Amino acid sequence: MKEYIELKIKTRNLIIFGVIVFIVCSIGGYYFWCSYHPEVTIQISDGGTGKEGIKIETPHISIAPTGIAEPSASIELKLNSIIMQHEFFCTYIKDTYETSDIKLDIELGNETTLKYYGTATTQDGKIHNIEKSFDCGFSMNANIIDSN
C-alpha cells in the first residue's frame, strides 16, 4: 500500500488552465479600466436661471462609455456634484441680484475647480464684482469646450 497519492498533471492541461486564467483576468481588468475612464466632455455656454436679466455661463456635461463598460457610479456622482455646485450658485445669484453677466472657467488639475467671475447688479442698482471659486474635491480628465 502506498502512503502518498500521486497526482499527474500533464503540461498541456496546465498551460491551457494558465491561458484561461490569463484571459479572464485580462478581460476583467479591461472592464474595470473602461468603467473608470469614460470620455467626459464639458461644454461651457450661456445659460439662464429663469429670471430675466440673469446671464451665467453653464457647464453642459456629456459622458460616453469607453470600450466594453458603462461609466462607474462614482464617476457619475462626481459629475453630478459639479452640476449641483452650479445650481446652488445660480440660485444664489437669482435670489440676490437683479441682473448679472457671469462667466465660468473650469480648471482641471489636482482638484476640479469652478471659477465664476463677472458683474451683478443688486435691486438697489449697485454693481458688484463677482469672483467665486468652488473646489469640487476630486480630479478629473475631461475635454472642455468654451463655446463663447
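We number each residue from 1, following the sequence as shown. Scope of the values below: all heavy atoms of this structure, side chains included, with no hydrogens, waters or symmetry mates. Only a predicted model underlies this, so the values are computations on that prediction, with no experimental measurement involved.
The backbone N or O of His37 lies less than 3.5 Å from a partner atom in the side chain of Thr66, making a donor-acceptor pair. Under the 3.5 Å distance criterion, the side-chain polar atoms of Thr112 are matched with a main-chain donor or acceptor of Phe138.
Note that CG of Asp101 and OG1 of Thr119 are 5.5 Å apart. Values are rounded to the nearest 0.5 Å. Atom CD1 of Ile144 sits about 9.0 Å away from atom CD of Glu107, to the nearest 0.5 Å. Taking NZ of Lys132 as the reference point, atom CD1 of Ile102 lies at 10.5 Å (rounded to 0.5 Å). Taken from CD in Gln43 to CG in Asn143, the straight-line distance is 11.5 Å, to the nearest 0.5 Å. In this structure, Ile20 CD1 and Ile15 CD1 are separated by 12.5 Å, a value rounded to the nearest 0.5 Å. Rounded to the nearest 0.5 Å, atoms NE2 (His86) and NE2 (His60) are 7.5 Å apart.
Under a hydrophobic-cluster definition in which Ile, Leu, Val, Met, Phe, Trp and Tyr are linked whenever side-chain heavy atoms come within less than 4.5 Å, directly or via other members, Met84 and Ile56 are assigned to different clusters.
Below 30°, between 30° and 60°, or above 60°: for His128 and Tyr97 the angle between ring planes is above 60°, a perpendicular geometry. Ring pair Tyr116/Phe89 is parallel by interplanar angle, where below 30° counts as parallel and above 60° as perpendicular.
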Derivation and outcome, side chain to side chain contact (heavy atoms under 4.5 Å, CB included), residues Leu104 and Leu114: CA-CA 7 Å; Leu104 169 64; Leu114 303 175; 4.1 Å; yes

Stepwise side chain to side chain contact (heavy atoms under 4.5 Å, CB included) test for Asn80 and Ile83: CA-CA 5 Å; Asn80 282 337; Ile83 294 168; 4.0 Å; yes

Residues Arg12, Ile16; criterion side chain to side chain contact (heavy atoms under 4.5 Å, CB included); working and verdict: CA-CA 6 Å; Arg12 186 187 78 176; Ile16 290 173; 4.2 Å; yes

Side chain to side chain contact (heavy atoms under 4.5 Å, CB included) assessment of Asp46 paired with Glu57: CA-CA 4 Å; Asp46 289 333; Glu57 286 189 343; 3.9 Å; yes

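Shortest non-hydrogen contact noted between Glu111 and Gly137 is OE1-N, 3.9 Å. Of all the heavy atoms in Tyr30 and Gly67, the pair that sits closest is OH-CA, 3.7 Å. A pairwise comparison of heavy atoms in Glu98 and Ile54 identifies O-CD1, 3.6 Å as the closest pair. The shortest non-hydrogen separation linking Ile75 to Ser35 is CG1-O, 4.2 Å. The two residues Thr113 and Ser133 come nearest to each other via the heavy atoms CG2-CB, 4.1 Å.
Of the candidates Ile145, Thr58, Ile106, Ile106 is the only one forming a side chain to side chain contact (heavy atoms under 4.5 Å, CB included) with Ile44.
More than 12 non-hydrogen atoms from other residues, nucleotides or ligands lie less than 6.0 angstrom from CG of Asn13.
Side-chain N/O atoms of Ser139 and Asn110 include no donor and acceptor closer than 3.5 Å.
In this structure, the ring of Tyr36 has its center less than 6.0 angstrom from the ring center of Phe32.
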